[in-house]
Chemist: 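Could you have a look at this structure, given as structure tokens, before my questions?
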Number of protein chains: 2
Amino acid sequence: MIATRTTRQRDVIAHVLEGAEGPLAVNDVHGRALSDLPGLGIATVYRTLKLLTEQGRIHPVTLDGETLYEASGKGHHHHFSCTRCGRVFTLHTCPVALPRGTVYPGGFIVEAHEVTLYGQCPQCAAAPA
Amino acid sequence: MIATRTTRQRDVIAHVLEGAEGPLAVNDVHGRALSDLPGLGIATVYRTLKLLTEQGRIHPVTLDGETLYEASGKGHHHHFSCTRCGRVFTLHTCPVALPRGTVYPGGFIVEAHEVTLYGQCPQCAAAPA
DNA sequence: GTTTCTGCAAAAAGTTTGCAGATTC
DNA sequence: GAATCTGCAAACTTTTTGCAGAAAC
């Protein structure tokens, strides 16, 4: 069995994701981690994101063709993508009632669902067009 | 103004997407188009998908990290991704009531929404585990 | 006949892998 | 001290671009 070690790189990357307001792209993770750890290589970011995903501490979210990562354990939630600033936010209110096992019209058995809302975030909505 | 011409490649690619049961990956589009048009280059597929997208005849859908394309004009719909066979189906029943302009908790102004359901398609549900 | 397209090959962009030195246990 | 990481550079994969010949108008 291969042991996995605690390193500053892994701590910083996990911390960046845990403190984020929503899921982040690989580049954002790298950028934010660089302030705490100048010199951090992008390859390490990829390797660590993969490791943390295998450990279940984070998980990938695909949005608009990009793969983003977010910390796990935030409970059932969805995402809001701002069409003006491009930021992605986490929403804790769920707009659908589809418990596991629901049979959807057509005979599809639902095990899970994902919802993404698009529009203007509070900041952009308040800013002049 | 740049004129855009009608070519066999564009017809075939548009036709492949219009006849598909759900959104297709670039490779699937290429593969299916090849039977009608041996020798079709992948670069042409990329260029044509981009052109058709700009014309609004098709649009991209991102699912599980892959970019798929589907014909437009199918009305409001969502997708069901089968966790067993991996196929993606189009659903015409919408499980959410979020008209444009709805203000979501937190002050997010909703312009559009996307829903993806995961589970077992009718065929897989009927097949033995 | 002129302009726009296509296929090929080269170039970019994004992600993964091999390796030697650094770090953790 | 031994095993596991990290950064760098090279290798891959996926998507885009340049160009000369082919096709559309």
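The figures that follow rest on heavy atoms only: side chains count, while hydrogens, waters and symmetry mates do not. To find a chain, count down the sequence lines: A is the first, B the second, and so on, and within it residues start at 1.
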Chemist: Count the heavy atoms of every other residue, nucleotide or ligand shown that sit under 6.0 Å from CZ of B/Arg10, and state whether that count exceeds 12.
Modeler: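 Correct, the count exceeds 12.
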Chemist: When you look at NE2 of B/His15, are more than 12 heavy atoms from neighbouring residues, nucleotides or ligands closer to it than 6.0 Å?
Modeler: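 Atom NE2 in B/His15 is not crowded, with 12 or fewer foreign heavy atoms closer than 6.0 Å.
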Chemist: So does A/Gln9 get a side-chain nitrogen or oxygen closer than 4.0 Å to the phosphate oxygens (OP1/OP2) of D/dG7?
Modeler: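 Yes, within the criterion.
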Chemist: Treat primed atoms plus P, OP1 and OP2 as sugar-phosphate and everything else as base, then score nucleotides 14-19 of chain D 5' to 3': B for base contact with protein heavy atoms under 4.0 Å, S for sugar-phosphate contact only, - for none.
Modeler: SSBBB-
Chemist: Could you list the protein-to-nucleotides 20-25 of chain C atom pairs, N/O on both sides, closer than 3.5 Å?
Modeler:
residue, atom, partner, partner atom, Å
C/dT24, O3', A/Thr6, O, 3.4
C/dT24, O2, A/Arg5, NH1, 2.6
C/dC25, OP1, A/Thr6, N, 3.4

Chemist: Distance alone, cut at 3.5 Å: any donor-acceptor contact between the side chains of B/Glu114 and A/His79?
Modeler: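 Looking only at side-chain atoms, A/His79 and B/Glu114 do not form any donor-acceptor pair under 3.5 Å.
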Chemist: Counting N and O atoms only, with roles assigned by atom type, does the side chain of B/His78 sit under 3.5 Å from a partner on the main chain of B/Pro95, one being a donor and the other an acceptor?
Modeler: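 No.
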Chemist: Answer yes or no: is there a donor N or O on one side and an acceptor on the other, between the side chain of B/His77 and the main chain of B/Gly75, under 3.5 Å?
Modeler: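 Yes; judged by distance alone, with no hydrogens or angles, the pair exists.
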Chemist: When rounded to the nearest 0.5 angstrom, what distance separates CG in B/Leu34 from CG in B/Leu40?
Modeler: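 Output value for this atom pair is 5.5 Å.
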Chemist: Tell me the interatomic distance from B/Leu34, atom CG, to C/dT6, atom P, rounded to whole angstroms.
Modeler: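 Whole-Å distance recorded here is 14 Å.
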Chemist: Hey, are B/Thr48 and B/Gln9 close enough side-chain-wise for a donor-acceptor pair under 3.5 Å?
Modeler: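 B/Thr48 and B/Gln9 do not have a side-chain donor-acceptor pair below 3.5 Å.
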Chemist: Starting from C1' on D/dT6, measure out to NE2 on A/His30 and report it in whole angstrom.
Modeler: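 Nearest whole value for this atom pair: 12 Å.
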Chemist: Specify the separation, in whole Å, of atom CZ of B/Arg10 and atom C1' of D/dA23.
Modeler: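 Interatomic distance, CZ of B/Arg10 to C1' of D/dA23: 11 Å.
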Chemist: Write down the distance between CG (B/Leu40) and C1' (C/dC5), rounded to a whole number of angstrom.
Modeler: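 Spelled out: CG on B/Leu40 to C1' on C/dC5 is 12 Å.
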Chemist: When the distance from CG of A/Leu68 to P of C/dT15 is rounded to whole Å, what number comes out?
Modeler: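 One finds 11 Å between P of C/dT15 and CG of A/Leu68, rounded.
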Chemist: Distance-only, no hydrogens or angles: does the A/Thr62 side chain make a donor-acceptor pair with backbone N or O of B/Thr62 under 3.5 Å?
Modeler: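 Not at all, since once roles are kept as given, no pair shorter than 3.5 Å links the two residues.
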Chemist: How many Å lie between CG on A/Asp28 and P on C/dG14, as a whole number?
Modeler: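 Result: 13 Å.
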